[in-house]
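Accompanying notes for the structure given below.
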Amino acid sequence: MKTIRHSRRIFAFFVAFFLCACGLQAQEKREVRAVWLATAYGLDWPSRPASGVSDEKMQQKELCRLLDGLQACGINTVLFQARLRGDVLYASSREPVSRVAAAKGWELRYDPLAFAIEECHRRGMELHAWLVMYPLGSDRHVRSLGRQSLVARHPSWCRLHRGQWYLDPGEPAVAAYLSGMAEEVVANYDVDGLHLDYVRYPDAASSFPDRGTYRRYGRGETLADWRRGNVTALVRAIYNKVKARKPWVKVSAAPVGKYRDLPRCPSMGWNAYSAVCQDAQAWMEEGIVDMLFPMMYFDGTPFYAFALDWQEHACGRHVVPGLGAYQLLPSEKDWPLAAVERQLCFTRSGGFAGQAYYRARSLLDNPKRLAAMLAWDYYATPALPPALSWQDAASPLPPAGVEVELRPGGACVRWKPAEGDSAAMLRYNVYASDACPVDIRRAENLVAAYLPPSACEWEDRGIGGNGQRCYAVTAIDRYGRESRPVQWGAESSSALLHSDGKVLHLPPDAGACFVTVADLPGRCVLSLPYAQQIILPERLEDGCYRVFVSDEKGASSACVLRVQSR
């Protein structure tokens, strides 16, 4: 078995190398394209704390620019750091707002998490609230929080380890508190996911001062097994609370990139299982996470070996390797761009659910043209998040109708929302193709993804005024399940055409011969040979008309024409 697995690793590595070398950047229809947006210390955002309303507006504009840049790169999932070190970036009844967002003496007049969610959804991106679990920060940071700090409020839960404060995972009250924090976020915010970070024991765990806790609660287990059980119990508690309240919210975690020693590839003493007591593969086996984002910020043989180890133990859940975009920087390891490109190709060829990048600024600074490569090559078309196929939910109903307004230089696709009780939970995808009906299985036909329910229209500027495109619109639910498509094109009888009264643009129809325009009572206004673009012999008055396109046998299809002077 070990020999077979090793052969798979070698084969997958050469597949990835071949794909990169040959420039075969096939697009994916379903793929997580995530980025960590770090707010601790203002690493990615905000650049400075607000001390007035103008500063708050500056923060909002700054975040919008970040999200615009990520959208341009093809990112569809933002891991937004909402809990930092015992402080938060949302309205919490449990912990104070972080000083990275609000200067001392200033109370924020907007909610950073709510604002980030709204802006991500506006751009067709998911937002997963990134929560740091056990670390509480340095003694200086704890003192800055005063009586609101957990060290002050619950000193029996907290331990000082190597100059940093941590919650003790072995204290039963800690799991109840942290799972309550997670439930608070899910209950009060429209997040798409909850992302757990530092859900493990700290570095140099052998000296972590929890021997008293172990004596009280160890129950005869070894220290290592007891510690792993404490962390797993927290993940389980959070997962169960989240799913009980909003089952579509995705629960994920970011484990250490190397799970444990492999027969041919040791972890060199730094791994999830032994070093920090993080049994993350067992979480997938038990089904208490939907996704894992292992932090694989290393290159060479270890990356490929440990990545496949995660994938081979996924148990049907989604594994999204975290790639170290920051390692391209000269101030870090100065990797060549090809290092990240090989890893990206490898994750695609190996059947992973996608890729994640640490972190937002490191990506947007475009080191060695990484952002440009993603935007132009690998993420050139949108992608939908993979579905939570293990959760029980029926496919949603499709949109109630689709109309297309043909315009010189483009088209505007409009649809009516799907009907039913769950309509408010749906988002929409638009597909376009030169062939009718549009094949929604082809990734290159997806032109707009995960549009919010309030949109109900999308403008296509990528075609000429003759409108030589067919369209399809689908609904997609929060589990990632997609409806059947509603098509618009040559065969569509519900098309809505627009004209300025001088030129008539018609959809492509290979069998069409004649065009008849009639007023609403049915009186013929004009009749002409078919063409996709017809210069009308006389200007039509503003109003609505019926357009009949017929073939040589007399069979016809009808459209509604709206004429409005420009």
Using the side chain to side chain contact (heavy atoms under 4.5 Å, CB included) criterion, which residues pair with E183? Sequence neighbours excluded.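 Partners of E183 by the side chain to side chain contact (heavy atoms under 4.5 Å, CB included) criterion, ordered by chain and then number, come out as K241, R245.
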[X] bridged to [Y] by N-O distance under 4.0 Å:
{"X": "R348", "Y": "E31", "answer": "yes"}
{"X": "R260", "Y": "D279", "answer": "no"}
{"X": "R109", "Y": "E56", "answer": "no"}
{"X": "R478", "Y": "D192", "answer": "yes"}
{"X": "E62", "Y": "R65", "answer": "no"}
{"X": "D68", "Y": "R123", "answer": "yes"}
{"X": "R359", "Y": "D44", "answer": "yes"}

Under 3.5 Å: donor-acceptor pair, side chain of [X], backbone of [Y]:
{"X": "N445", "Y": "S433", "value": "no"}
{"X": "N366", "Y": "A371", "value": "yes"}
{"X": "N271", "Y": "K258", "value": "no"}
{"X": "R83", "Y": "V132", "value": "yes"}
{"X": "K243", "Y": "V251", "value": "no"}
{"X": "Q327", "Y": "Y297", "value": "yes"}
{"X": "S483", "Y": "A475", "value": "yes"}
{"X": "W45", "Y": "Q59", "value": "yes"}
{"X": "Q278", "Y": "V256", "value": "yes"}
{"X": "R317", "Y": "M291", "value": "no"}

Sole residue of F293, F352, W390 in ring pair (Phe, Tyr, Trp, His ring centres under 6.0 Å) with H318: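 Option passing the ring pair (Phe, Tyr, Trp, His ring centres under 6.0 Å) with H318: W390.
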Kindly give the heavy-atom pair with the smallest separation between [X] and [Y], and that separation in Å.
{"X": "P336", "Y": "L328", "result": "O-CD2, 3.4 Å"}
{"X": "L131", "Y": "A182", "result": "CD1-CA, 4.1 Å"}
{"X": "L329", "Y": "P367", "result": "CD2-CB, 3.8 Å"}
{"X": "G324", "Y": "V340", "result": "O-CG2, 4.5 Å"}
{"X": "V32", "Y": "P386", "result": "CG2-CD, 3.4 Å"}
{"X": "T381", "Y": "A443", "result": "OG1-O, 3.9 Å"}

Candidates S149, S98, S144 - the one meeting side-chain hydrogen bond (donor to acceptor under 3.5 Å, both in side chains) with D87: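 Per the side-chain hydrogen bond (donor to acceptor under 3.5 Å, both in side chains) rule, the option paired with D87 is S98, out of S149, S98, S144.
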Applying side-chain hydrogen bond (donor to acceptor under 3.5 Å, both in side chains) between K250 and each of E126, Q391, H128, report the one that passes.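 It is E126, the one option of E126, Q391, H128 that forms the side-chain hydrogen bond (donor to acceptor under 3.5 Å, both in side chains) with K250.
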Does any donor atom in the side chain of [X] or [Y] lie under 3.5 Å from an acceptor atom in the other side chain?
{"X": "D290", "Y": "Y239", "result": "yes"}
{"X": "H121", "Y": "R427", "result": "yes"}
{"X": "N429", "Y": "E482", "result": "yes"}
{"X": "D111", "Y": "Y189", "result": "yes"}
{"X": "Q355", "Y": "Y379", "result": "yes"}

Pair L374-R33, side chain to side chain contact (heavy atoms under 4.5 Å, CB included): steps then yes or no: CA-CA 10 Å; L374 296 180; R33 301 169 178 175; over 6 Å; no
Ring geometry between [Y] and [X] (parallel below 30°, tilted from 30 to 60°, perpendicular above 60°):
{"X": "W36", "Y": "W130", "result": "perpendicular"}
{"X": "Y259", "Y": "Y273", "result": "perpendicular"}
{"X": "F303", "Y": "F298", "result": "perpendicular"}

Is it true that the NZ or CZ of R442 lies under 6.0 Å from the centre of Y431's six-membered ring and within 45 degrees of the ring axis?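 No; the conditions do not both hold, so R442 does not lie above the ring face of Y431.
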Minimum side-chain heavy-atom gap [X]-[Y] below 4.5 Å:
{"X": "L136", "Y": "C158", "result": "yes"}
{"X": "W283", "Y": "V199", "result": "yes"}
{"X": "Y198", "Y": "R85", "result": "yes"}

Tell me whether E285 at atom CD has more than 12 heavy atoms from other residues, nucleotides or ligands lying less than 6.0 Å away.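 Open: at most 12 neighbouring heavy atoms sit under 6.0 Å from CD of E285.
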Side chain to side chain contact (heavy atoms under 4.5 Å, CB included) between W415 and L451: does it pass, once the steps are laid out? CA-CA 12 Å; W415 57 92; L451 299 175; 3.6 Å; yes
